[in-house]
Undergrad: 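First the structure, then my questions, so here it is.
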Amino acid sequence: MRTFPVEKLPHHLAIIMDGNGRWAKAKMMRRIVGHRQGVTTVQEIVGECSRLGIGYLTLYAFSAENWARPKTEVQALMSLLKRFIRLEIPRMLKDNVRFNVIGDRQALPADVNREINHAYEQTGANTGLVLTLALSYGSRQEIIQAVRGIAADVASGRLDLAAVSEAELERHLFTAQMPDPDLLIRTSGEMRISNFLLWQLAYAELYFCEVNWPEFTIAELHRALQHFCERERRFGLTSDQLQERK
Ligand code: FPP
């Protein structure tokens, strides 16, 4: 089993799980079969991130724009999500994983919200990996609601206009309690961010790979982490400045 220098691993890993439909189509199967296989990949990757000691794993499971997909696919995805959340609780308890959701929860069906609430109750005290599912999530929408919150605070006099800062905006995002992602992985060969964590990914390293999500194995995850460990993160500084700080 591969080992990585713990101090170099991303503290927060975000993944755009893409290519379920194409994987299924290539095998002459229905798209939902690809999503089902994608759930198996999710289980494996969550387990491995937890084992490696990664602090936060955020998965883009359903975007605000995905509601426009055919009704049958949306229903199938909601039903898979519900089942996944319910069935994963014992494993999350065993692995000390805390479950979390970001996105517009009001748009989700009531039965999915019930499972989310149940998972919050069950895993809320866990102190290991924080597993966040982005559900009905759109980053622009998230930023708009943050701006509205700040505007309301300014209008009511609770906040001085001059005190509006990056930290203040972050306080209004769904991710307020989380560090920014260090690494974003997107599978299936697409090189886009697709309205995912636009603010939070400002300094993330980006990693794109060709494999579709149902075939994203632990070995593929290790390859991405290996690349990440070898990158020099400069945060706007020069390479020489970074060396001087060491
Ligand atoms: C993108 O593939 C994937 C999605 C829109 C949904 C991701 C959902 C899962 C992996 C399963 C459920 C998730 C959890 C956490 C239980 P696509 O359908 O856009 O594939 P395509 O681009 O090949 O059509």
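Nothing fancy with the numbering, it's 1 onward along the sequence. Order of listing sets the numbers, starting from 1, for every ligand and every atom in it.
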Undergrad: Would you tabulate the polar-atom pairs, meaning N/O of ligand 1 against N/O of the protein, with distances under 3.5 Å, reported to 0.1 Å?
TA:
from, atom 1, to, atom 2, distance (Å)
ligand 1, 2 (O), G19, N, 3.4
ligand 1, 2 (O), N20, N, 3.4
ligand 1, 18 (O), R31, NH2, 2.7
ligand 1, 18 (O), R69, NH1, 2.9
ligand 1, 19 (O), D18, OD1, 3.4
ligand 1, 19 (O), R69, NH2, 2.8
ligand 1, 20 (O), G19, N, 3.4
ligand 1, 20 (O), N20, N, 3.2
ligand 1, 20 (O), G21, N, 3.0
ligand 1, 22 (O), D18, OD1, 3.1
ligand 1, 22 (O), R22, NE, 3.4
ligand 1, 22 (O), R22, NH2, 2.9
ligand 1, 23 (O), G21, N, 3.4
ligand 1, 23 (O), R22, N, 2.7
ligand 1, 23 (O), R22, NE, 2.7
ligand 1, 24 (O), R31, NH1, 3.0
ligand 1, 24 (O), R31, NH2, 3.1

Undergrad: Just grab all the side-chain hydrogen bond (donor to acceptor under 3.5 Å, both in side chains) pairs involving residues 29-42, residues at least two apart or on different chains.
TA: N20-H35, R31-E73, H35-E73
Undergrad: Backbone N or O of G38 within a donor-acceptor pair of the W213 side chain at under 3.5 Å?
TA: yes
Undergrad: Measure the acute angle between the ring planes of F196 and Y137, then classify it against the limits of 30° and 60° as parallel, tilted or perpendicular.
TA: perpendicular
Undergrad: Taking distance alone, no hydrogens or angles, what donor-acceptor pairs closer than 3.5 Å link side-chain atoms of residues 126-135 to residues at least two apart or in another chain?
TA:
from, atom 1, to, atom 2, distance (Å)
N126, ND2, M92, O, 3.4
N126, ND2, V97, O, 2.8
T127, OG1, N96, ND2, 2.9
T132, OG1, N100, ND2, 3.0

Undergrad: What do you reckon, is OH of Y120 surrounded by more than 12 foreign heavy atoms closer than 6.0 Å?
TA: yes
Undergrad: Restricting to pairs with a member in residues 130-152, which pass salt bridge (Lys or Arg N to Asp or Glu O under 4.0 Å), not counting sequence neighbours?
TA: none
